[in-house]
Undergrad: 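What follows is a single structure, and I will ask about it in a moment.
All residue numbers refer to positions in the sequence shown, counting from 1. As the structure is a computational prediction, the values presented were derived from the model and not from experiment. Each ligand, and each atom within it, is numbered from 1 in the order the structure gives.
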Amino acid sequence: MNSFNSPYNKLQDAQLPTFGKPKPKMKKPGRLFSLVIVVLALGIVLTLLNIYELHKMRETGNLQQAVQPQAEGKPGKYAVRTPIVWVEGKKLESGYLKHVFAVFDRIGYALGNGDSDWDVLWSHEYPFESLAKKMSVLKPHQKVNHFPGSGYITNKVSLAVSTNPFIPRAFKIPKEKRQFLQYAEEHPHTLWVQKRNSHRGIKIKHVQELDLSDDGSFVQMFVDRPFLIDGRKFDIGVYTTLTSIDPLRVYILESEALFRFCSHDYYPFDARDIKKYVVGDDYTPVWEIPSLKKLYRELNFNFKDAFNAYLDMKGHNSRKLWADITSAIKTVYLQKEAALIGATNKYTSSRNFFEMVRFDFALDEDLNVYLMEVNMSPNLSSGHFRENTLMYEQVVFNLLSLVLVTRPVSHDFSQSSEDEANMRVSDKDISVFPEWCLSAQCLHSCENEMCKLCSPCVSLSMKKTLKLAYLEHINKGNCGRVLPQRMSGEFALQWTPSHSDPEFHSLNHRNKLMYMWFVGKCRQSTSWC
Ligand SMILES: *[C@@H]1O[C@H](CO)[C@@H](O)[C@H](O)[C@H]1NC(C)=O
């Protein structure tokens with residue numbers, strides 16, 4: 001089902017603008033003649049240019065794939081070369097990169113391989129060893145989804161033993177055995193986990209049970225008294241993208257995150273049952289957690305907004321938590337930048353690289369944030385949970401937009417699949433005001449003004465409008481909003497429809513809803529304010 005198309009179709013059907021006034025008729029035949037000559041000369045130059053361009057494309061050997069059918073009767077359109085993606089990974093046929101393929105397809109890429117004149121390489125494995133030769137001769141326009149040396153960030157040992165107030169204390173074994181034993185003596189009640197780079201070793205142990213001669217491993221403090229929701233421990237995965245080193249530029253996906261719950265209740269605690277404290281592949285998803293289910297399912301919030309709403313309603317401060325998470329991520333990149341620069345030195349330019357990883361965090365009862373690990377090539381497979389499709393496709397789509405490999409072409413939304421439409425903007429992206437929507441009055445009726453934007457209360461036509469507003473905001477580039485009026489984050493947090501707000505009360509019904517929606521989005525993230 002295609003959930004929105006009319007405004008776009010209208011846009012596409014719109015007539016081409018005409019420039020200037022109609023030309024006055026020429027009076028002197030001499031002037032007309034010279035004009036004809038100029039036009040003819042221009043025509044010849046353009047034709048020559050076209051031939052030259054075509055020739056260049058033929059040299060790439062990709063003419064069949066690379067030239068898009070030119071729109072007939074629409075002069076002035078350039079022939080656009082279809083960009084090419086090369087996807088590399090073991091056993092691709094098993095489908096774990098399905099959503100990566102889907103997104104590249106939707107943004108107009110053709111599939112190539114290492115011998116094509118490719119534009120983007122998406123490699124599941126770290127490519128700087130297996131594909132070293134190709135990586136040493138990158139052309140300026142080619143983009144690779146890894147950074148040389150990113151192991152400095154994702155390597156478990158290297159990460160755990162770096163100084164970062166958000167990383168639980170860890171010791172290299174056997175090198176720091178002495179310091180470890182001393183620390184353990186001073187903190188006799190601490191429990192430990194012993195890990196290696198190669199596996200997620202995990203079982204909790206007392207000091208006496210650890211193998212302190214295991215070369216290449218490390219021991220790390222176990223974060224006990226975890227923050228629980230409905231009795232379950234969980235972790236939070238934050239999709240983080242490095243777009244540049246020297247100078248550093250790092251972004252996180254702000255709209256969504258991965259929440260994985262342990263499959264057994266934490267209490268009564270038993271160190272022998274790792275399902276109580278370790279998140280495995282068979283984790284419990286958000287929609288099976290009673291306190292989040294309603295927000296996610298019925299009220300149509302996404303994972304992150306449902307989680308934040310839960311925290312805020314319990315009297316915690318979700319904004320502080322995300323500020324700490326951001327701070328932990330910042331520290332990691334600042335500490336590792338020099339190593340990354342070193343690893344990139346032998347390449348022509350670091351501008352060929354970008355990399356998205358997933359930072360996994362745990363929380364304790366006081367909502368302190370602990371960085372547990374950083375995953376290179378995070379799992380993007382919805383094989384186990386089909387419902388994760390939306391999140392994974394939005395993760396990949398936002399990443400590709402950020403690193404400028406999506407092309408600014410208009411798309412025919414009437415042709416797009418439901419998954420594609422949702423990837424761009426879904427019902428979950430437009431949900432606002434979770435506390436109000438969960439209140440008894442909004443659950444039972446849409447009468448009150450506070451309830452008007454709750455998912456069950458919003459009309460289909462208003463949903464389309466909100467989705468367009470969402471897309472405009474995402475794509476606004478250098479444009480800034482004038483109406484609805486902009487606001488501060490503080491203002492949005494205190495705002496209610498009965499607030500004395502002359503701007504709001506002066507508006508008509510639909511404008512009120514639009515204004516209120518931006519207030520709701522501004523509460524979720526200040527970029528909307
Ligand atoms: C990715 O996650 C799913 C769901 O938890 C799991 O079934 C699958 O085995 C994971 N894939 C990989 C490659 O780890």
Undergrad: Going by salt bridge (charged side-chain N to carboxylate O under 4.0 Å, His left out), R260 matches just one of D235, D282, D281. Which one?
TA: D235
Undergrad: Please confirm whether F128 and Y126 have ring centers closer than 6.0 angstrom.
TA: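 Yes, the ring centres sit under 6.0 Å apart.
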Undergrad: For ligand 1, output the ligand-protein N/O contacts shorter than 3.5 angstrom; if there are none, return none.
TA:
{"unit_1": "ligand 1", "atom_1": "2 (O)", "unit_2": "N379", "atom_2": "ND2", "d": "2.3"}
{"unit_1": "ligand 1", "atom_1": "5 (O)", "unit_2": "D281", "atom_2": "O", "d": "2.8"}
{"unit_1": "ligand 1", "atom_1": "9 (O)", "unit_2": "D281", "atom_2": "OD2", "d": "3.4"}
{"unit_1": "ligand 1", "atom_1": "11 (N)", "unit_2": "N379", "atom_2": "ND2", "d": "3.0"}
{"unit_1": "ligand 1", "atom_1": "14 (O)", "unit_2": "N379", "atom_2": "ND2", "d": "3.4"}

Undergrad: Taking only residues two or more places apart in sequence or in another chain, which ones pass ring pair (Phe, Tyr, Trp, His ring centres under 6.0 Å) with F361?
TA: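 For F361, no residue satisfies ring pair (Phe, Tyr, Trp, His ring centres under 6.0 Å) once neighbours in sequence are set aside.
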Undergrad: Please list all pairs meeting ring-ring contact (aromatic ring centres under 6.0 Å, His included) that have one or both residues in residues 378-404, counting only residues at least two apart or in different chains.
TA: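 Checked against ring-ring contact (aromatic ring centres under 6.0 Å, His included) - neighbours excluded - the pairs reaching residues 378-404 are Y283-F385, W287-F385.
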Undergrad: Run the numbers on M313 and L295 for side-chain contact (heavy atoms from CB on, under 4.5 Å), then give the verdict.
TA: CA-CA 12 Å; M313 283 180 295; L295 281 158; 4.2 Å; yes
Undergrad: Please tabulate, one pair per line, all N/O donor-acceptor pairs under 3.5 Å involving side-chain atoms of residues 317-326, not counting sequence neighbours.
TA:
{"unit_1": "N317", "atom_1": "OD1", "unit_2": "R319", "atom_2": "N", "d": "3.0"}
{"unit_1": "N317", "atom_1": "OD1", "unit_2": "K320", "atom_2": "N", "d": "3.2"}
{"unit_1": "S318", "atom_1": "OG", "unit_2": "D312", "atom_2": "OD1", "d": "3.1"}
{"unit_1": "S318", "atom_1": "OG", "unit_2": "D312", "atom_2": "OD2", "d": "3.0"}
{"unit_1": "R319", "atom_1": "NH1", "unit_2": "R523", "atom_2": "O", "d": "3.2"}
{"unit_1": "K320", "atom_1": "NZ", "unit_2": "D324", "atom_2": "OD2", "d": "2.7"}
{"unit_1": "W322", "atom_1": "NE1", "unit_2": "N308", "atom_2": "OD1", "d": "2.7"}
{"unit_1": "T326", "atom_1": "OG1", "unit_2": "W322", "atom_2": "O", "d": "2.7"}

